[in-house]
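Keep in mind that what you see is a predicted model, and the values were worked out from it rather than measured.
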Amino acid sequence: MPLTAHAADFARLALANVTREYPNFPAHLLVSPDEQLRPSTLHPAFYGAYDWHSSVHMHWLLVRLLRRHGGTPAFTDTEPVVAVLDRHLTPENIAAEAAYLLDRPSFERPYGWAWLVALAAECRAYGGAAGARWAEALAPGVAAVDRLLADWLPKATYPVRHGNHPNSAFALGLVLDAGELSAATADAVRERLLAWFADDHDAPTHWEPSGQDFLSPALTESDAMRRVLDGERFARWLDGFLPALRSGAPCSLLDVPVVSDHADPQIGHLLGLTLSRAAALRSIAAALPNGPVRTRLAEAAEAHVKAGLPAVERGDFTTDHWLASFAVLALDAQQ
């Protein structure tokens, strides 16, 4: 199903979320009784959408929709989107966000960092006066993430593999796709991914999913390795990491997760898992030669998209504040 069919609804949903200050879940460490804790004071650009990382990637969603569908019949009312982006993505606001990140080196590491870099890349790709204006404003934020990554990666002896925000593979894959990092930091990202994952084999896929995953540990790792290994080397690595794909044995990664309660904030993460899996399955399949493994992955991706898309907009803030971004990742993934 093309993204054009959802563009207007997703834009309306994202716009409502990035301007909605409450309810809010600030991941803020208090160090003084005098601190000002209003979300828009702490985060003048990214105060909405319940939490910082969701606000960042819902801004990314708005720019992606402008770039892909602005001015088409599916999404004609772009002026409110541009106005909000102009109001939020200013040099002053992003300077405050960058300072906050540098003052708190573990805040949103690495998930929120990656989405900030992805947002800057999306603004640059959008182009024109508006895209250039937003990308320039975001430059201090990108520089902060570059510095933070350069400091963190040498210390990151082990990856975080579970299927939530700290997952290492998902975030580092996003920053490589963005292409906004300095050459030295991008090289350090690739080197760390290879150091962590190049020798992995026989992934315990029967452990997935965990009860509140919105990422698949095995598929995010595979998708990250797709970015750092050429086609033939990647295919060999994947055969060793997920041997069930080639053998035809059952593989739980290909089965759509059961979501027993869409409104539960943690169980509801599994809705995101359906869509993040779909994106990874499509991208991994596209990196493989034609054959049964590619076909099997592509068919599983379509089943996940079909299951996940109806949940994107339910009128329930626990999912409405974030899920559309993952729908767009799935719909836009290379096939």
Side-chain angles (χ1 to χ4, degrees), residues 45-46 52-61 63-64 67 89 94 97-98 100-102 104-126 134-198 214-217 219-229 234 276 279-280 283-284 287 322 325-326 328-329 332-334:
F46 305 122
W52 194 86
H53 53 259
S54 298
S55 182
V56 174
H57 68 65
M58 291 297 260
H59 281 79
W60 168 89
L61 173 59
V63 182
R64 170 64 67 93
R67 182 164 74 89
L89 304 183
I94 302 304
E97 299 285 4
Y100 190 98
L101 292 174
L102 292 171
R104 299 160 180 83
S106 63
F107 175 74
E108 292 286 356
R109 183 180 74 193
Y111 181 78
W113 296 357
W115 277 114
L116 183 61
V117 174
L119 170 60
E122 203 62 39
C123 292
R124 195 175 308 282
Y126 177 54
W134 303 329
E136 183 177 356
L138 284 160
V142 173
V145 170
D146 195 295
R147 177 176 160 186
L148 290 164
L149 277 168
D151 289 344
W152 171 62
L153 287 170
K155 301 182 290 186
T157 307
Y158 309 107
V160 175
R161 297 177 182 269
H162 64 66
N164 270 273
H165 305 91
N167 182 281
S168 304
F170 178 80
L172 295 193
L174 274 186
V175 298
L176 286 181
D177 287 348
E180 293 284 316
L181 299 179
S182 66
T185 304
D187 286 344
V189 168
R190 294 185 187 93
E191 290 167 6
R192 184 51 60 193
L193 287 171
L194 290 167
W196 283 336
F197 302 133
F214 69 91
L215 301 169
S216 160
L219 290 178
T220 54
E221 177 176 338
S222 301
D223 205 20
M225 292 302 284
R226 168 187 65 81
R227 295 163 165 104
V228 296
L229 297 175
F234 173 64
S276 68
S283 296
I284 294 164
W322 66 282
S325 298
F326 284 83
V328 171
L329 288 179
D332 270 358
Q334 185 180 4

| note | Rounding to 0.5 Å, atoms CZ (R109) and CG (L148) come to a distance of 9.0 Å

| query | What heavy-atom pair brings N167 and A169 nearest, and what distance separates the two atoms? | reply | OD1-N, 3.1 Å

| task | Report yes if some heavy atom in the side chain of R161 is under 4.5 Å from a heavy atom in the side chain of S168; otherwise report no. | result | no

| How far does CG of D187 sit from CG of L153, to the nearest 0.5 angstrom? | 11.5 Å

| said: Between S325 and W60, is there a side-chain heavy-atom distance shorter than 4.5 Å? | reply: yes

| query | Within the distance-only criterion (no hydrogens, no angle test), does the side chain of T220 pair as donor or acceptor with the backbone N or O of L215 below 3.5 angstrom? | reply | no

| message | More than 12 heavy atoms of other residues, nucleotides or ligands under 6.0 Å from CZ of R147: yes or no? | response | no

| Least distance between heavy atoms, L193 atom then M225 atom | O-SD, 4.0 Å

| Nearest heavy-atom neighbours spanning S276 and F214 | OG-O, 2.6 Å

| task | Hey, could you give me the CZ/CZ distance between R227 and F234, rounded to the nearest 0.5 Å? | result | 10.0 Å

| message | If I compare all heavy atoms of P154 with all of A150, which pair ends up nearest, and what's the gap? | response | CD-O, 3.1 Å

| task | Using the side chain to side chain contact (heavy atoms under 4.5 Å, CB included) rule, pick out the option among D151, V175, T185 that qualifies with D146. | result | T185

| Beyond-backbone contact of V228 with V189, side-chain heavy atoms, under 4.5 angstrom | no

| message | As an exercise, state the distance from NE2 of H165 to CD of E108, rounded to the nearest 0.5 Å. | response | 7.5 Å

| What closest approach, in Å, do S54 and W322 show between heavy atoms, and which atom pair accounts for it? | OG-CB, 3.8 Å

| message | Given L61, which partner from the list L329, V328, V56 fulfils the side chain to side chain contact (heavy atoms under 4.5 Å, CB included) test? | response | V328

| request: Enter the distance from L172:CG to W196:CH2 here, rounded to the nearest 0.5 Å. | output: 5.0 Å

| query | L149 versus V145: any side-chain heavy-atom pair under 4.5 Å? | reply | yes

| query | Looking at side-chain heavy atoms only, is the closest gap between W52 and L101 below 4.5 Å? | reply | yes

| note | For S283 and D223 the tightest heavy-atom approach is CB-OD1, 3.5 Å

| Under 3.5 Å donor-acceptor, R226 side chain and S222 backbone | no

| said: Closer than 3.5 angstrom, by distance alone: can the side chain of E97 be matched with the main-chain N or O of F46 as a donor-acceptor pair? | reply: yes

| How about W134 and E122: does a side-chain donor come under 3.5 Å of a side-chain acceptor? | no

| field | R64 side chain near D332 side chain, heavy-atom distance below 4.5 Å | value | yes

I'd like a table of donor-acceptor pairs (distance under 3.5 Å, sequence neighbours excluded) in which one partner is a side-chain atom from residues 114-121, with atom names and distances.
unit_1: W115; atom_1: NE1; unit_2: Y111; atom_2: OH; d: 3.4

